[in-house]
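Written out below as structure tokens is the structure these notes cover.
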Protein chains: 2
Amino acid sequence: MRNKKRTTIYDIAKKLNIAASSVSRALNNSNHVNEATKKLIIKTAAELNYKRNTLASNLRKGQSKTIGVVVPFINQNFFSNVIAGIEEASYQKGYNLIICQSNELQSKEIKCVNTLINQHVDCIVISISADSSDHRHLQNVLDNGIQLIQFDRVADELETLKVINDNEQASLEAVSHLIEQGYKRIALLEGPQNLQIFRQRKAGYLHALRKYGIPVLEELIVENAWTKELGAEGTQKLLDLAEPPDAIFASTSDFSALGVLEVATAMGIKVPAELGICGYSNEAFTEITSPSITTIDQFSVYMGKTVANLYFQEMDNKDDTEVVPKIISIKPKLIVRSSTKRNG
Amino acid sequence: MRNKKRTTIYDIAKKLNIAASSVSRALNNSNHVNEATKKLIIKTAAELNYKRNTLASNLRKGQSKTIGVVVPFINQNFFSNVIAGIEEASYQKGYNLIICQSNELQSKEIKCVNTLINQHVDCIVISISADSSDHRHLQNVLDNGIQLIQFDRVADELETLKVINDNEQASLEAVSHLIEQGYKRIALLEGPQNLQIFRQRKAGYLHALRKYGIPVLEELIVENAWTKELGAEGTQKLLDLAEPPDAIFASTSDFSALGVLEVATAMGIKVPAELGICGYSNEAFTEITSPSITTIDQFSVYMGKTVANLYFQEMDNKDDTEVVPKIISIKPKLIVRSSTKRNG
DNA sequence: TAAATTCCTGCAATCGATTGCAGTTTAAAA
DNA sequence: TTTTAAACTGCAATCGATTGCAGGAATTTA
């Protein structure tokens with residue numbers, strides 16, 4: 001690409017024989033410029049195909065009108081939906097998005113965060129990676145005076161703005177639903193317990209059992225089953241037990257629920273009659289498996305919008321007071337489908 | 001957020017009682033600084049928690065190390081995969097991504113492109129929106145000396161770098177496959193013909209029919225059927241014909257193929273025995289419907305990587321010559337599944 | 001010992017837009 | 001007609017990092 005020189009406000013100023021400051025003011029629609037000159041300047045700017053250099057503007061103004069987003073994977077349904085939501089809300093406010101993926105690696109996450117700090121983004125939105133253990137890099141964001149918003153997977157001890165799902169409540173409802181459908185031995189496929197969301201989902205499961213006076217059986221709880229393959233593996237073990245479960249709550253994702261369904265189908269076990277299955281996330285495919293899978297919708301696009309709007313709202317009263325760590329909890333919705341419908 | 005002042009090179013310079021230029025050189029690892037001072041500077045920078053202000057740096061250097069991406073929707077499988085691919089390749093080169101979605105609207109697309117120009121991105125990667133008619137905004141990108149790479153949905157007349165799928169070849173193979181499976185009356189669900197990709201897919205369909213000496217029947221070609229709902233609607237009409245088709249090639253997407261499958265299932269028509277179905281895109285769900293759906297994989301993540309690498313490659317020999325409009329064509333792969341397997 | 005290199009370091013301009021301050025012109029009020 | 005206010009306009013500094021140029025110190029070569 002040829003490095004054609006771009007038109008600057010100085011070019012416009014020179015052509016009209018006025019000061020650059022007037023040009024700047026006109027283009028910012030300040031009312032400290034004569035209406036006639038303002039119009040002339042705007043017209044000339046258009047003629048010369050002027051484009052404001054946002055870099056220079058941001059440097060001078062000390063802000064970037066940019067939000068940085070860090071997620072484990074851009075191309076996972078939940079995250080791409082959240083990003084779409086953030087984009088929609090941000091676009092309306094004239095903000096841009098810089099997107100990074102951490103690939104579930106703390107090391108890359110740290111680099112991404114640092115890049116965003118260097119870029120002088122106004123806000124960093126993050127859902128931490130699975131192997132995230134310490135959070136100095138996030139503290140660093142705050143120390144640099146950048147707003148930090150965590151969503152979904154949050155580091156609890158960090159006092160920041162947070163947008164989360166009420167995972168425990170959702171799991172409680174899901175497992176309660178299973179119990180009410182008459183399932184008695186309910187297994188849990190759980191995710192990495194260093195992530196709060198998975199701890200909460202387990203808590204919801206335990207809560208439901210307690211509520212209905214059902215004993216907790218360790219043998220029915222399978223660790224680290226958060227892919228389709230691991231879900232299938234765990235299911236195999238569960239169904240090989242002397243007393244196998246009659247329902248499985250795949251709390252990690254719909255993918256592991258899909259693994260459950262495939263194993264059950266392969267073994268000739270009838271769903272939902274002999275085995276109830278509940279997933280998590282409301283992936284598109286849960287509607288079209290046979291039977292369709294009961295799952296939990298997280299309102300992911302809405303979550304993204306909420307994150308962005310939370311930021312804009314905080315901006316509006318930034319001078320007022322210290323930032324109060326605020327947590328917005330979105331209640332996910334249980335979507336009952338065929339895989340758990342035994343009665344009715 | 002408190003606007004804590006960030007450490008600048010001047011702070012470091014003052015503390016060490018040297019010139020800012022030396023600090024800059026040290027931090028850029030120039031060899032025009034004494035090794036000892038360099039080490040000292042780097043150490044001090046770390047102590048003061050210095051973060052380079054990329055805005056200032058970019059302004060001075062006249063580049064941004066940023067790639068702008070414009071897609072119709074971030075949260076569509078194909079696009080989020082491409083973006084993930086671009087991110088991966090860009091990250092390695094130290095480039096950032098600014099992501100915008102056009103929502104399939106030319107008006108928003110224009111705004112996105114202009115924002116990216118203002119941001120002084122080094123390169124704009126775009127897959128144009130469905131209602132895109134004129135392309136002055138893209139010409140504008142080039143006029144501003146910004147590299148432009150189109151992918152998948154490209155404006156043919158614009159001489160830019162392009163990364164595309166060989167849609168015609170893929171469609172040819174898909175329809176040939178249907179014919180070889182013994183299907184005789186093959187219908188086509190086509191997409192908006194102002195988009196080249198859909199014209200090409202239609203061309204492949206026609207090509208295959210011609211190749212096998214099968215007459216083209218207008219009544220078997222359904223316009224604008226590129227969502228699940230429209231696909232279902234079109235299918236309904238097709239199957240109500242006096243002589244209904246025995247196969248449907250949903251060239252627009254797997255979603256419309258899903259619509260076909262649902263209508264067929266509802267009408268008690270057996271797939272693949274009585275009706276063959278082929279989709280496009282290899283969405284995750286095509287593997288788990290029953291029957292699973294034959295489709296075409298576009299290697300979307302790979303496509304993203306290709307786009308990014310094409311840019312970096314062009315950068316490397318930017319001074320050499322004029323930019324030659326280059327087109328990279330990726331051959332998609334037909335994935336045969338149950339929905340079209342009649343023999344064997 | 002003198003001349004020629006090499007190595008470091010600092011000065012000051014630059015990237016492009018913004019903005020506080022001061023000065024000038026014009027209009028309104030007294 | 002004089003005073004006061006309002007409306008424009010321009011100067012120059014500023015945001016933070018980079019870099020060409022010049023000068024000084026240290027080292028090497030003659």
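These numbers come from a predicted model, not from an experiment. Lettering of chains follows the sequences in order, A, B, ..., and the numbering in each one begins at 1.
Distance NZ (Lys65(A)) to C1' (dT18(C)): 15 Å, rounded to an integer number of Å. To the nearest angstrom, P of dA6(D) lies 19 Å from CD of Glu35(A). Protein atom CG of Asn29(A) is 16 Å distant from nucleotide atom C1' of dC8(D), rounded to whole Å. Ile41(B) places its CD1 atom 12 Å from the P atom of dC8(C), with the value rounded to the nearest Å. In this entry the distance linking CG of Leu59(A) with P of dC15(C) reads 14 Å, nearest Å. Here dC7(C) presents its P atom at 9 Å from CG of Asn31(B), a figure rounded to the nearest Å. Rounding to whole angstrom units, CG of residue Asn118(A) and P of dA17(D) are separated by 10 Å. One can place CD1 of Ile9(B) at 15 Å from P of dT9(C), the figure rounded to the nearest angstrom.
At a cut-off of 3.5 angstrom, counting only N and O atoms as typed in the model, there is no donor on one side facing an acceptor on the other between the side-chain of Arg60(A) and the base of dG16(D).
Using a 4.0 Å heavy-atom distance criterion, Leu55(A) is classed as making no nucleic acid contact. Counting any heavy atom pair closer than 4.0 Å across all strands shown, Asn28(A) reaches sugar-phosphate atoms only and no base atom. Ser24(A) comes within 4.0 angstrom of a base, heavy atoms only. Residue contacts shown for Asn58(B) are absent, as no nucleic acid heavy atom lies under 4.0 Å away. Within the 4.0 angstrom heavy-atom criterion, only backbone atoms of the sugar-phosphate kind lie near Thr37(A); the bases stay farther away. Nucleic acid contact class of Leu27(B) (heavy atoms, under 4.0 Å, all strands): none. In this structure, Ser21(A) reaches the bases: a heavy-atom distance under 4.0 Å links it to at least one base atom across the strands shown. Counting any heavy atom pair closer than 4.0 Å across all strands shown, Arg52(A) reaches sugar-phosphate atoms only and no base atom. Residue Thr8(A) is in sugar-phosphate contact alone, with no base atom involved, counting any heavy-atom pair closer than 4.0 Å across all strands shown.
Neither OP1 nor OP2 of dA17(D) sits under 4.0 Å from any side-chain N or O of Ser57(B). Side-chain nitrogen and oxygen atoms of Tyr10(A) include none within less than 4.0 Å of the OP1 or OP2 phosphate oxygen of dT14(C).
Judged by distance alone, with hydrogens and angles left aside, the side-chain atoms of Asn58(A) form no donor-acceptor pair with the main-chain N or O of Leu55(A) at under 3.5 Å. Side chain of Ser132(B) to main chain of Ala130(B): no donor-acceptor pair is present (N/O by atom type, distance under 3.5 Å, no hydrogens or angles). Without hydrogens or angle criteria, Asn144(A) side chain to Asn140(A) main chain gives a donor-acceptor distance under 3.5 Å.
Of the candidates Glu109(A), Glu104(A), Lys108(A), Glu109(A) is the only one forming a side chain to side chain donor-acceptor pair (under 3.5 Å) with Ser129(A).
Taking every side-chain heavy atom of Ser22(B) into account, dG10(C) is the closest of dG10(D), dG10(C), dG16(C). For His32(A), the listed nucleotide lying nearest its side chain is dT9(D); candidates were dG10(D), dG16(C), dT9(D).
Projected onto DNA chain D by closest heavy-atom contact, Thr54(B) and Arg25(B) fall at different nucleotides, the more 5' of which corresponds to Thr54(B). Looking at which nucleotide of DNA chain C each of Asn17(B) and Lys61(B) is closest to, the 5′-most match is held by Asn17(B).
Phe151(B) and Phe78(B) have tilted rings, their planes meeting at an angle from 30° to 60° on a 0 to 90° scale. Ring planes of Tyr302(A) and Phe299(A): perpendicular class, angle over 60° (limits at 30 and 60°).
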